[in-house]
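For reference, the structure discussed in these notes is given below.
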Amino acid sequence: MSFFISDAWAEAAPAAGQDAGLMGFLPLIIIFVIFYFLLMRPQMKRAKEHRKMVEALGKNDEVVTSGGILGKVTDVEESIITVEIAEGVRVKVQKSAVSSILPKGTVKS
């Protein structure tokens, strides 16, 4: 059978230099830097802006929740707000569920 298939013989590996360790990690470092600037940093910036918006919520602000409910804030507590979505219909929502604050007069009562 050795006539059709040649035997494989292992060769000695070349000696690695001192710089090979750093050069081996260089692509990983570059990928991490690109990952940081393209994915992590913008996400942290958006989270910071959302946190500032939620802290600035006040009475009579018109908001949209993450579920798509439009309404006017009638009461603000520590972590929960009360949103009036129609006359006499009030819903309690977590502050973090507010996705955006609308300009005044958007929600018609």
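As the structure is a computational prediction, the values presented were derived from the model and not from experiment.
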Out of curiosity, does [Y] fall in the hydrophobic cluster containing [X] (side-chain heavy atoms, cut-off under 4.5 Å, transitive links)?
| X | Y | answer |
| --- | --- | --- |
| V93 | M53 | yes |
| V73 | V64 | no |
| I29 | F32 | no |
| V89 | I80 | no |
| I85 | I101 | yes |

Checklist entry - Checking K95 side chain against V76 main chain: does a donor-acceptor pair fall under 3.5 Å? => result no

Checklist entry - So, the side chain of E62 versus the backbone of G105: is there a donor-acceptor pair under 3.5 Å, distance only? => result yes

Just how far is it from atom [atom1] of [X] to atom [atom2] of [Y], taken to the nearest 0.5 Å?
| X | Y | atom1 | atom2 | answer |
| --- | --- | --- | --- | --- |
| Q43 | L38 | CD | CG | 13.5 Å |
| E77 | I81 | CD | CD1 | 10.0 Å |
| I34 | I30 | CD1 | CD1 | 7.0 Å |
| T65 | Q94 | OG1 | CD | 11.5 Å |

Next on the checklist: Using side-chain heavy atoms (C-beta onward) and a distance below 4.5 Å, is R46 in contact with H50?
Outcome noted: no

Next on the checklist: Can you tell me if K104 has over 12 outside heavy atoms packed within less than 6.0 Å of its NZ?
Outcome noted: yes

Checklist entry - Only one of I69, V83, V54 forms a side-chain contact (heavy atoms from CB on, under 4.5 Å) with V63, so which one is it? => result V83

Checklist outcome for this item: Contacts of T74 meeting side chain to side chain contact (heavy atoms under 4.5 Å, CB included) (sequence neighbours excluded), chain-then-number -> T82, E84, R90

